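Fair warning: this is a prediction, and the values are worked out from it, not measured in the lab.
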Amino acid sequence: METSLSQAGILIVDDDSKSLLALQQLLQSVTQEVVVANSGEEALRCVLKQDFAVILLDARMPGVDGFETARLIRERERSRDTPIIFLTGAYEDVHSVFRGYEAGAVDYIVKPLVPEILKSKISVFVELYIKNAVLIREIADRKLAEEHLRKSEENLRALAAHLQSVREEEWTRIAREIHDELGQSLTGLKMDLTWVANRLPGDQRELAERMKSMFGLIDGTIQSVRKIASRLRPEVLDQLGLTAAIGWHAGDFRKRTGIRCKLSLPSDTLILDHERSTAAFRIFQELLTNVARHANATRIDVAMRVDSGALVLTVEDNGRGIAESEIEDSKSLGLLGMRERVLPFGGAIEIAGARDKGTKVRVCIPFGLK
């Protein structure tokens, strides 16, 4: 239902045509939209067609009187809250007044009318109607804006998830090509170099030393290729699963940083889909990277378990402890990225830190469908 701001209508209901005309002319200075009805039945038809800021209703009319008309108006959802002012003669008793209030009246005006009083009261209801219309419009606009914002957020998250999936596929492809093509080329080069080395004369010591150096360089390059391929997409994650990948990465992290890692991993192999395994592993990588860069820690405790149909991964360090401002900082892209990774699965990440007592991160990824 849309409310018009420019037309705050007034409905006048009276079986006396002279009273209708006089009231219509009087109230047109308050609002241009004045509708008249000479019976209760006609008034009911009017409230079905449009909304009114206020209804002036004669209490005593033949047929459906004002009290019954007010009751029927109140029964309709559209006009339930429309203010009704009864027009009544001075001879009305207290019982009739109470009956009018029971029927839904907000006020009584006794005939003969005082124009200034009537216009003053009507103006109040017209102003309230207009303000209410403005409020309704603002609420509708805000709901529309919130809906657009919600859809935009959903589209952005869907785009982020798609880009993340494309990036993982690209990383996997590049890792495979590096491992297969570059690794095979280096292996072939080493075999050819071995063939040449085996045919060197025994007195060519200088060439033999140079060959030895080349062997060392090739071996080092092969190791670098393996490391790069593993960091792009570790084969152990695809071949042996998340548990093995967590253990492998923790061991590699300890070798590179010297930070001790205590692991508590499930003994049974976790059966996870590709997307959840990738999300959990990438989050684990990001957590260890943050520890190495910011925590100044000497020890990390890693625990992974299944709890109530969800994968729960906990990483706790003994470093400086993350501050609350850092947790809520919108510029913390690493934390934001981790949260975005669990959202498609209905998961959550809890981060808590205490100054000089370390940081604890709990990642929960449900097993249910996305």
Side-chain angles (χ1 to χ4, degrees), residues 161 164-165 167-176 178-179 223 225-293 295 297-319 334-335 337-352 358-370:
Q164 190 65 56
S165 176
R167 185 167 64 174
E168 287 291 345
E169 292 175 2
E170 186 67 11
W171 283 351
T172 301
R173 183 188 64 80
I174 293 173
R176 186 177 298 115
I178 289 176
H179 182 273
Q223 291 298 322
V225 167
R226 289 175 178 173
K227 288 181 180 178
I228 293 172
S230 295
R231 289 171 187 172
L232 284 171
R233 181 71 186 185
E235 290 183 343
V236 65
L237 178 61
D238 296 322
Q239 296 176 359
L240 301 179
L242 179 61
T243 302
I246 293 290
W248 166 82
H249 187 66
D252 181 66
F253 176 80
R254 181 182 58 79
K255 291 178 183 177
R256 288 187 289 108
T257 64
I259 299 175
R260 293 175 297 159
C261 296
K262 179 183 178 182
L263 300 178
S264 176
L265 303 177
S267 56
D268 298 332
T269 303
L270 291 177
I271 306 300
L272 283 179
D273 59 83
H274 176 81
E275 294 178 338
R276 285 176 173 79
S277 294
T278 298
F281 182 75
R282 293 304 186 194
I283 290 172
F284 182 64
Q285 280 185 313
E286 181 67 28
L287 289 174
L288 294 196
T289 299
N290 287 343
V291 170
R293 289 178 178 175
T298 60
R299 176 189 173 95
I300 298 176
D301 293 334
V302 179
M304 188 169 66
R305 70 182 191 280
V306 175
D307 186 8
S308 301
L311 173 70
V312 179
L313 173 66
T314 304
V315 177
E316 185 173 4
D317 66 67
N318 64 347
L335 298 181
M338 289 189 290
R339 291 191 175 101
E340 288 295 327
R341 281 189 180 275
V342 299
L343 278 178
F345 313 107
I349 294 181
E350 300 173 2
I351 305 173
T359 300
K360 182 176 181 180
V361 180
R362 182 179 183 272
V363 182
C364 180
I365 302 178
F367 292 150
L369 296 177
K370 291 198 293 184

Should the pair Asp301-Arg299 be classified as a salt bridge under the 4.0 Å nitrogen-to-oxygen rule? yes
Could you check Phe367 against Val306 for side-chain contact (heavy atoms from CB on, under 4.5 Å), going step by step and ending with a plain yes or no? CA-CA 9 Å; Phe367 292 150; Val306 175; 3.5 Å; yes
What are the two closest non-hydrogen atoms of Phe281 and Ala245, and how far apart are they? CE1-O, 3.5 Å
Minimal heavy-atom distance between Arg256 and Asp252, with the atoms involved, is NE-OD2, 2.9 Å
Working to the nearest 0.5 angstrom, can you tell me the gap between Phe284 CZ and Leu313 CG? 6.5 Å
Who passes side chain to side chain contact (heavy atoms under 4.5 Å, CB included) against Ala297, sequence neighbours left out? Val291, Ala295, Asp317, Asn318
Taking the side chain as C-beta and beyond, is there a heavy-atom pair between Leu242 and Leu237 under 4.5 Å? yes
Quick one, Lys360 and Thr314 - any side-chain contact, counting heavy atoms below 4.5 Å? yes
Quick check: do Arg362 and Ile349 have side-chain heavy atoms less than 4.5 Å from each other? no
Does the side chain of Phe253 reach to within under 4.5 Å of the side chain of Thr289, using non-hydrogen atoms? no
Ala310 versus Pro366, closest heavy-atom pair with distance: CB-CA, 3.7 Å
With the side chain counted from C-beta on, respond yes when Leu288 and His249 share a heavy-atom pair under 4.5 Å apart, and no when they do not. yes
For a 4.5 angstrom cut-off between non-hydrogen side-chain atoms, does Arg341 reach Val363? no
Of all the heavy-atom pairs spanning Asp307 and Arg305, show the shortest one and how long it is. OD2-NH2, 3.6 Å
For a quick test of reading the model, state the closest non-hydrogen atom pair linking Gly247 to Leu263 and the distance between them. CA-CD1, 3.8 Å
Side chains of Met338 and Val342: closer than 4.5 Å at any heavy-atom pair? no
Could you measure the distance from the NZ atom of Lys262 to the OG atom of Ser264? Nearest 0.5 Å is fine. 7.5 Å
Say you draw a straight line from CZ of Arg293 to OG1 of Thr257; how long is it, rounded to the nearest 0.5 Å? 13.0 Å
Smallest heavy-atom separation, Ala250 atom then Cys261 atom, equals O-SG, 3.8 Å
Close side-chain approach of Leu311 and Cys364, heavy atoms under 4.5 Å: no
